[in-house]
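Heavy-atom basis, side chains included; hydrogens, waters and symmetry copies ignored. Ligands are counted one by one from 1 in listed order, and the atoms in each one are counted from 1 as well.
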Amino acid sequence: MQEKISACRICQSPGVVPVLSLGVTPLADGLLKEDQISAPEPRFPLSVAFCPECSLVQLQETVSPDQLFCQDYPYYSSFSPALLKHSRENALNLIRLRNLNSGSFVIELASNDGYLLKNFVEHGIPVLGIDPAEGPARAAEAIGVPTRCTFFSSQLAQDLRSEGKAADVIVANNVLAHVADTHGFVDGIHTLLKDTGVAVIEAPYLKDLVQHCEFDTIYHEHLCYFSVTALDRLFRMHGLFLNDVERLSIHGGSLRLYVEKIENVSPRVTTLLQEEREEGLTHVRYYQDFASRVERIRTELRMLLNDLKQKGARIAAYGAAAKGSTLINYCDLGTDLIDFVVDRNTHKHGRYMPGQHIPILATEALLDKKPDYVLLLAWNFADEILEQQKAYRQLGGRFITPVPHPRVM
Ligand code: DWN
């Protein structure tokens with residue numbers, strides 16, 4: 001089920017301008033089981049628009065969250081050591097900065113498999129995870145992270161508050177862009193946060209996405225693509241203030257936002273707002289230029305892979321990532337080019353990539369089958385993966401990165 005927006009998701013302006021279409025594609029995390037590959041797959045338009053009024057970049061279609069995140073959602077954060085390290089550092093930093101202790105309360109929205117909250121639990125700090133995906137929620141409970149398996153909403157925030165649950169810290173990593181009811185979600189944060197509390201929110205940064213041409217991070221789960229300009233406007237609409245921001249390298253370039261009920265805006269925020277105005281993130285032309293670069297990558301990547309294939313090379317891919325689905329479907333990279341995809345996430349083994357039906361195997365398959373080249377779909381973890389695959393590379397195996405320019409590494 002899908003709906004097309006008639007107005008901007010943040011400011012309700014009717015004048016959103018389409019800037020990029022990636023076609024009609026299957027759901028990026030909709031990894032298929034063997035008995036599903038012969039049946040028709042749900043596909044939806046994947047088209048991006050820009051709002052000249054508030055600068056929000058957004059999908060024009062909304063796919064039902066129940067279809068995206070519940071049954072069989074295959075993404076488990078704990079399969080990435082780099083993400084676990086990044087999250088632990090964030091948690092320990094917050095414990096120190098906010099003097100958290102057994103009298104504090106930390107809530108994470110989209111808490112997945114407890115990958116982050118477990119660090120607070122280890123320090124005796126009461127926590128609550130909220131995540132609609134059954135598998136990851138069960139995994140979190142299994143390691144002692146209390147988790148509500150449901151979507152976060154303004155209503156849930158009110159219910160929790162009436163149970164006497166208010167948060168000193170609310171963490172929300174890679175979820176704000178995912179929610180259809182953006183205003184309800186942010187309103188819920190305001191409701192659930194203590195007056196002296198802080199919401200610490202990570203989201204991919206639109207400026208990194210465009211500068212490094214990370215178009216494959218566009219998929220139906222990601223409804224919004226945030227600039228600081230759009231975020232600042234969003235929070236102020238709910239009596240919250242974007243008081244501080246950090247730029248992070250994780251997931252191809254992200255923002256860590258510090259949002260509070262009392263205005264105390266850091267120069268780091270005002271500097272980024274000014275840079276965005278000067279560099280064009282508030283103008284449609286910036287995104288029209290991005291769209292033409294995306295088309296160039298598609299052409300270059302197809303040429304590179306077809307050329308290698310015609311020379312007799314065998315090609316595999318690494319990372320059954322959601323971004324990988326966008327890449328192989330927008331660039332139409334099928335089993336004629338890619339023999340298999342490997343991934344460390346055991347929940348993904350035995351499944352098939354959406355749309356192209358490329359089989360997903362364990363990473364050991366690289367040494368077993370020794371493909372000549374491996375397209376790095378999880379390029380955001382390149383350092384970690386290349387280190388991990390040293391043995392394969394020492395046998396002469398070569399990785400190919402698709403963005404910002406397709407090249408053999
Ligand atoms: O927003 C989202 C981002 C943050 O995570 C979610 N909606 C879905 C997900 O997107 P993704 O699947 O593109 O994220 P990742 O974390 O970049 O996916 C990496 C994939 O690579 C995972 O399936 C795990 C796998 N992996 C691996 O096989 N070996 C990852 C590492 C680090 C490894 O060493």
* Asked: Under 4.0 Å between a Lys/Arg side-chain N and an Asp/Glu carboxylate O for E122 and K118?
  -> no
* Asked: More than 12 heavy atoms of other residues, nucleotides or ligands under 6.0 Å from NZ of K85: is that the case?
  -> no
* Structure fact -> The residue among F215, Y225, F50 that forms ring-ring contact (aromatic ring centres under 6.0 Å, His included) with Y287 is F50
* Asked: Which one of R9, Q2, E3 satisfies the side chain to side chain donor-acceptor pair (under 3.5 Å) criterion with T62?
  -> R9
* Asked: For atom 20 (C) of ligand 1, what is the nearest protein heavy atom, given as residue, atom name and distance?
  -> D343 OD2, 3.7 Å
* To do: Go through the side-chain N and O atoms of E221 and Y75 and say whether any donor and acceptor fall under 3.5 Å apart.
  => no
* Taking only heavy atoms of H251 into account, list the atoms of ligand 1 that are under 4.0 Å away from them. => 4 (C), 16 (O)
* Salt bridge flag under 4.0 Å for residues K207 and E278 -> no
* Structure fact -> The closest protein heavy-atom partner of atom 7 (N) of ligand 1 is E221 OE1, 2.5 Å
* Asked: With a 4.0 Å heavy-atom cut-off (strictly under), which part of Y73 contacts ligand 1: side chain, backbone, both or neither?
  -> side chain
* Is there a heavy atom in Y76 that sits closer than 4.0 Å to ligand 1? -> no
* Are K309 and D339 ion-paired here, with the side-chain N under 4.0 Å from a carboxylate O? -> yes
* Asked: Of the protein's non-hydrogen atoms, which lies at the shortest distance from atom 10 (O) of ligand 1, and what is that distance?
  -> Y219 OH, 3.1 Å
* So, D307 and K311, do they make that salt bridge, N to O below 4.0 Å? -> yes
* **Distance filter under 4.0 Å to I385 heavy atoms, resulting ligand 1 atoms** => 33 (C), 34 (O)
* Contact partition for K323 relative to ligand 1, non-hydrogen atoms under 4.0 Å -> both
* **Proximal ligand 1 atoms for H222, defined as those under 4.0 Å from one of its heavy atoms** => 1 (O), 2 (C), 7 (N)
* Structure fact -> Contact region, R344 to ligand 1, non-hydrogen atoms below 4.0 Å, reads both
* To do: Heavy-atom distances under 4.0 Å are what count here, so tell me which part of A321 touches ligand 1: side chain, backbone, both or neither.
  => both
* **Exercise: do E276 and Y286 side chains pair donor with acceptor under 3.5 Å** => no
* To do: With heavy atoms of K348 as the reference, note each atom of ligand 1 found under 4.0 Å away.
  => 22 (C), 23 (O)
* Salt-bridge test for D208 and R247: reply yes if a basic N is under 4.0 Å from a carboxylate O, no otherwise. => yes
* **atom 31 (C) of ligand 1: the protein heavy-atom neighbour that sits closest, reported with distance to 0.1 Å** => F79 O, 4.1 Å
* To do: Would you check whether H178 has a nitrogen or oxygen atom less than 3.5 angstrom from a nitrogen or oxygen atom of ligand 1?
  => yes
* To do: May I ask you to list the atoms of ligand 1 that are less than 4.0 angstrom from any heavy atom of N380?
  => 17 (O)
* Structure fact -> The protein heavy atom nearest to atom 29 (N) of ligand 1 is Y318 OH, 2.8 Å
* **Pi-cation contact, F399 with R393 (under 6.0 Å, within 45°)** => no
* To do: Tell me which protein heavy atom sits closest to atom 11 (P) of ligand 1, plus the residue, atom name and distance to 0.1 Å.
  => A322 N, 3.5 Å
* Would you mind checking which non-hydrogen protein atom is closest to atom 34 (O) of ligand 1, with the distance to 0.1 Å? => Q388 NE2, 2.7 Å
* Is a salt bridge present between R148 and E163, judged by a nitrogen-to-oxygen distance below 4.0 Å? -> yes
* To do: Determine whether the side chain, the backbone, both or neither of F69 has a heavy atom under 4.0 Å from any heavy atom of ligand 1.
  => neither
